[in-house]
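Contents: one structure, followed by commentary.
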Amino acid sequence: MGEVGAFLKIERVGVPYRDPRERAGDYEEFLIRRSDDELAAQGSRCMECGIPFCHNGCPVGNLIPDWNDLVYRDRWHDAIRQLHATNNFPEFTGRLCPAPCEAACVLEIREGDAVTIKQIENSIIDRAWEQGWVKPLAPKRETGRSVAVVGAGPAGMAAAQQLRRAGHSVTLFERDESAGGLVRFGVPDFKIEKWVVQRRVEQLTAEGVDVRCGVDVGVDLPADELLATYDAVVLATGSRTPRDLPVPGRELDGVHFAMEYLADRNRWVATQTGTATGCEPPPLRGLTARDKHVVVIGGGDTGADCVGNSLREGAKSITQFELLPEPPPSRPDDRTPWPLWPQKFRLSYAMEEARELHVGEQDYSVVTTHFVGDDDGRVRALHYAQAEPAPPFKPVPGTEAEIRADLVLLAMGFLHPEQGLLDKLEIAKDRRGNAKAVKPYTTSVEGVFAAGDARRGQSLIVWAINEGRQCARMVDRYLGTLDASDAHAGAADEGPVGPPQRVGPGVPA
């Protein structure tokens, strides 16, 4: 335990951001790291509870009280060993995870008083990189077994790293020009700069993972050849099929899925920063919000990222619509009591910027009825109405209205993984179209496994890393059964206490 009673004497101070007006003018990360003394004080607030509910709130089972205490005691090198024992990429989660661990913190019983776990995590890994403590880890021995991991998002990268450290030969396939998945092409640079992702890709390569970008498995590499070449296959293709909006006028030019816009913007930023890629990127589509009236449909993180990019491009106005009613300002105990993730209102970083610059607004309980276009086939206006408060959220008669719209971005979430590769591999699916696990992370096809959003559906980055790690465990065990002479290579994690014993549902420790 840090300082006895510190949580009674030291106030929580959250993650500081750069001024909204300043950060809206560039694409640099807007998080600010606190001083070591400030972080030590925040770490000392951790009570090291008899039952650390933060462990249950964290999908990767981070040893949170341990590294909070180590930061308090200025033992940063030990802190990163503890952090890496459960999390392959804490700089991803430290920047992008919504921090369900903080929602589950015992101090959060008094709402808004949780230990600032996320900023301490991010500071540990940032300091570790600065000090040169993050190095490639070679396996203790080679097993002679080969694994193909399809999809180089956080789940695929985590699975590839764990399997390589266990001694297997790993090839990581990615159809885009760079590894990172939506962290690379969906999340803007002002939330995570892409050199942060690239250095992890280079670490994988240094550890012996064969990273092959620009390879569309199932097209460039036939499915039957994939199965014949490798002893095991991990599908980590993500949930990339977006939810559409089937209303009149959807076909008009200027109505796009959010990821079409975000990927194009991220690729444009890459041309300005010069961040390395694995192969030649595709030509830019030229989607732009500059001097346009933008409407974003969807109130989640993807919608916020569309708002943030549109603002930085110089949009004339930005309106964000959400179908659901506005959540309450504080935790509703009757719906999401502690330690559950609270369904309450949170002003996004992007809408904070847009309001500060007087170019944006956000509205709830809004349903789009149709789009109207000009004679040239471009969208000109969006017609909407107030939505009923419960499914199916029908329009309320008499509330219809129109708003100018030169660019409409559909950010309503994702349905399931793209079906082509699953069909070619003849993988059984669940009722939502995800790869079905007949045993933990094990698909209906012998030697083929699934992890991340491709298996569980659209979820958080921290769940993707957890799924990649746990799937790697199942693959390692499977490969050990192929030949009795192949002994396990041992634990792949570094850390004073070794790998965590907390595992996913249905997977024995």
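A search for side-chain contact (heavy atoms from CB on, under 4.5 Å) contacts involving Ala41 returns Ile10, not counting sequence neighbours. In this structure Val147 satisfies the side-chain contact (heavy atoms from CB on, under 4.5 Å) test together with Val149, Leu163, His168, Ala232, Val234, Val475, Leu479, sequence neighbours excluded. In this structure Arg18 satisfies the side-chain contact (heavy atoms from CB on, under 4.5 Å) test together with Glu22, Arg23, Asp26, Glu28, Phe30, Ile32, sequence neighbours excluded. Partners of Trp76 by ring pair (Phe, Tyr, Trp, His ring centres under 6.0 Å), not counting sequence neighbours: none found. Scanning for side-chain contact (heavy atoms from CB on, under 4.5 Å) contacts around Thr116 gives Arg12, Gln42, Gln119, Ile120, with sequence neighbours left out. For Phe89, the ring pair (Phe, Tyr, Trp, His ring centres under 6.0 Å) criterion is met by Phe92, not counting sequence neighbours.
For Gln362 and Glu326, the side-chain atoms include no donor-acceptor pair closer than 3.5 Å. Inspection of the Trp195 and Glu193 side chains reveals an N or O donor paired with an N or O acceptor under 3.5 Å. Using modelled atom types and a 3.5 Å distance limit, the side chains of Arg200 and Gln203 yield a donor-acceptor pair. A donor-acceptor contact closer than 3.5 angstrom is absent between the side chains of Glu313 and Ser310. Residues Asn122 and Glu91 bring no donor and acceptor atom of their side chains to less than 3.5 Å of each other. Judged by distance alone, the side chains of Gln82 and Asn62 never bring a donor and an acceptor atom under 3.5 Å apart. Of the N and O atoms on the side chains of Ser459 and Asp453, not one donor lies less than 3.5 Å from an acceptor on the other residue. For the residue pair Thr93/Glu121, the side-chain donor-acceptor check at 3.5 Å is satisfied. A side-chain donor from one of Tyr349 and Asp305 sits under 3.5 Å from a side-chain acceptor of the other. Residues Asn266 and Arg184 have side chains that never bring a donor and an acceptor to within less than 3.5 angstrom of each other.
Note that CG of Leu107 and SG of Cys46 are 8.0 Å apart. Values are rounded to the nearest 0.5 Å. Taken to the nearest 0.5 Å, the OH atom of Tyr261 stands 7.0 Å off from the SG atom of Cys306. Between atom CG of residue Leu311 and atom CE of residue Met351 there is a gap of 9.5 Å, rounded to the nearest 0.5 Å. How far CG of Leu323 is from CE of Met412: 9.5 Å, rounded to the nearest 0.5 Å. Interatomic distance, CG of Asp189 versus CZ of Arg265, reported as 10.5 Å (0.5 Å rounding). If you take SG on Cys105 and CZ on Phe7, they are separated by 10.0 Å, rounding to the nearest 0.5 Å.
Counting heavy atoms from C-beta on, the side chains of Thr273 and Lys194 never come closer than 4.5 Å. Residues Cys101 and Ile64 form a side-chain contact, since some pair of their non-hydrogen atoms from C-beta on lies under 4.5 Å apart. Here the side chains of Phe185 and Glu177 are in contact, with some heavy-atom distance below 4.5 Å. Put simply, the side chain of Arg240 does not reach to within 4.5 Å of the side chain of Pro417, judged on heavy atoms. Residues Ser330 and Phe345 fail the side-chain proximity criterion, which asks for heavy atoms closer than 4.5 Å. Between Asp210 and Val170, the closest side-chain pair of non-hydrogen atoms is not below 4.5 Å. Counting only heavy atoms from C-beta outward, the side chains of Pro65 and His55 approach each other to under 4.5 Å. Side-chain contact check for Arg145 versus Tyr230: every heavy-atom pair is 4.5 Å or farther apart.
At least one donor-acceptor pair closer than 3.5 Å links the side chain of Arg34 to the backbone N or O of Gly14. Although no hydrogens or angles enter the test, the distance criterion places no donor-acceptor pair under 3.5 Å between the side chain of Gln470 and the main chain of Met474. Not a single donor-acceptor pair under 3.5 Å links the side chain of Asp333 to the backbone N or O of Pro337. Here the side chain of Ser239 pairs no donor or acceptor atom with the backbone of Gly457 at under 3.5 angstrom. For Glu207 (side chain) and Leu137 (main-chain N/O), a donor-acceptor pair under 3.5 Å exists by modelled atom type. Within the 3.5 Å criterion, the main-chain N or O of Gly298 finds a donor-acceptor partner in the side chain of Gln320. Under the 3.5 Å distance criterion, the side-chain polar atoms of Glu322 are matched with a main-chain donor or acceptor of Gly299. Between the side chain of Ser178 and the main chain of Thr277, no donor-acceptor pair closer than 3.5 Å is present.
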Report task. With side chain to side chain donor-acceptor pair (under 3.5 Å) as the test, would you mind laying out the steps for Ser35 and Glu38 before giving the verdict? Result -> CA-CA 5 Å; Ser35 69; Glu38 289 178 302; 3.3 Å; yes

Query raised in the report: Passes salt bridge (charged side-chain N to carboxylate O under 4.0 Å, His left out), Arg331 versus Glu111? Steps please.
Result: CA-CA 8 Å; Arg331 179 193 289 272; Glu111 189 172 1; 5.3 Å; no

Query - Asp113/Arg45 under salt bridge (charged side-chain N to carboxylate O under 4.0 Å, His left out): CA gap, chis, key distance, verdict - result: CA-CA 10 Å; Asp113 205 32; Arg45 298 181 69 247; 3.0 Å; yes

Report task. Go through the steps to decide whether Trp67 and Tyr72 satisfy the test ring pair (Phe, Tyr, Trp, His ring centres under 6.0 Å), and finish with yes or no. Result -> CA-CA 8 Å; Trp67 40 258; Tyr72 166 68; over 10 Å; no

Report task. For Arg267 and Asp176, run salt bridge (charged side-chain N to carboxylate O under 4.0 Å, His left out): C-alpha distance rounded to whole Å, both residues' side-chain angles, the deciding distance at 0.1 Å, then the answer. Result -> CA-CA 11 Å; Arg267 287 188 167 104; Asp176 288 322; 3.5 Å; yes

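Asp36 has a carboxylate O that lies under 4.0 Å from a charged side-chain N of Arg127, or vice versa, which qualifies the two as a salt bridge. For Arg95 and Asp126, the salt-bridge test passes: some basic side-chain N is under 4.0 Å from an acidic carboxylate O. Ionic pairing of Glu467 and Arg456 is present here: one or more N-O contacts between side-chain nitrogen and carboxylate oxygen are shorter than 4.0 angstrom. A salt bridge is absent between Arg355 and Glu361; no separation between the charged side-chain nitrogens and carboxylate oxygens falls under 4.0 Å. Ion pair Arg75/Asp69 not flagged as a salt bridge, since none of the NZ, NE, NH1 or NH2 atoms sits closer than 4.0 Å to an Asp/Glu carboxylate oxygen.
Annotation for Arg110: atom CZ does not count as buried by contact number, only 12 or fewer foreign heavy atoms lying within 6.0 Å. Counting heavy-atom neighbours within 6.0 Å of Leu347 CG, excluding the residue itself, gives a total above 12.
When all heavy atoms are compared, the tightest approach of Val71 to Ala79 is CG2-CB, 4.3 Å. Closest approach of Ile117 to Cys54, counting heavy atoms only: CD1-CB, 4.2 Å. In terms of heavy atoms, Ala464 sits closest to Pro154 at CB-CB, 4.1 Å. Of all heavy-atom pairs between Cys471 and Ala451, the closest is CB-CB, 3.6 Å.
Phe190 carries Arg312 over the face of its six-membered ring, with the cationic atom under 6.0 Å from the centre and within 45° of the normal.
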